[in-house]
Amino acid sequence: MTERQLIQEILNTVDVIYDFVNTDDDKKEYEITINRQDGDHRPLENVNKEIKHYFTDADFSYDEELNDNGDDIHVQVKR
């Protein structure tokens with residue numbers, strides 16, 4: 001499984017909408033915007049905490065900004 005596939009698996013598990021903004025597969029660095037789905041009433045902090053847990057368990061760094069430019073979470077991950 002590639003890093004990108006693992007990232008997609010993590011984000012699909014948490015059930016969020018995401019978009020890769022900037023990626024460098026060679027350096028294994030990924031910039032991603034993440035939004036809760038319509039009707040998702042989970043607090044943003046809880047969603048972020050769950051996502052962060054999965055990424056750190058998979059040995060990714062996780063640098064996030066909440067409520068960034070209209071997106072719920074803007075994150076940079078690196079392995």
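When reading the values below, keep in mind they use all heavy atoms of this one structure, side chains included, and skip hydrogens, waters and symmetry mates.
- There is no path of hydrophobic side-chain contacts, each under 4.5 Å, that joins Val77 to Ile17.
- The one candidate from Arg36, Arg42, Gln37 that meets the side chain to side chain donor-acceptor pair (under 3.5 Å) condition with Asp40 is Arg42.
- Under the 4.5 Å side-chain contact rule for hydrophobic residues, Phe20 and Val75 share a cluster.
- Here CG of Leu6 is found 7.5 Å from CZ of Phe55. Values are rounded to the nearest 0.5 Å.
- Here the OG1 atom belonging to Thr2 is positioned 7.5 Å from the CZ atom belonging to Arg4, to the nearest 0.5 angstrom.
- In this structure, CG on Asn22 lies 11.5 Å from OH on Tyr30, to the nearest 0.5 angstrom.
- With values rounded to the nearest 0.5 angstrom, Asn67 atom CG is found 13.0 Å from His74 atom NE2.
- Of the possible polar contacts, one joining the Asn12 side chain to the Gln8 backbone as a donor-acceptor pair under 3.5 Å is found.
- No donor-acceptor pair closer than 3.5 Å links the side chain of Asp19 to the backbone N or O of Val21.
- Annotation: the span from Asp72 atom CG to Ile34 atom CD1 amounts to 9.0 Å, rounded to 0.5 Å.
- With sequence neighbours excluded, no residue forms a salt bridge (charged side-chain N to carboxylate O under 4.0 Å, His left out) with Glu31.
- For the pair Tyr18 and Ile10, the minimum side-chain heavy-atom distance is 4.5 Å or more.
- The closest donor-acceptor contact from the side chain of Arg79 to the backbone of Ala58 lies under 3.5 Å.
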Where do Val16 and Val47 land on the side chain to side chain contact (heavy atoms under 4.5 Å, CB included) test, with the steps shown first?
-> CA-CA 9 Å; Val16 292; Val47 174; 3.9 Å; yes

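- Rounded to the nearest 0.5 angstrom, Lys28 NZ and Ser61 OG are separated by 12.5 Å.
- Between Glu3 and Phe60, some side-chain heavy-atom pair lies under the 4.5 Å cut-off.
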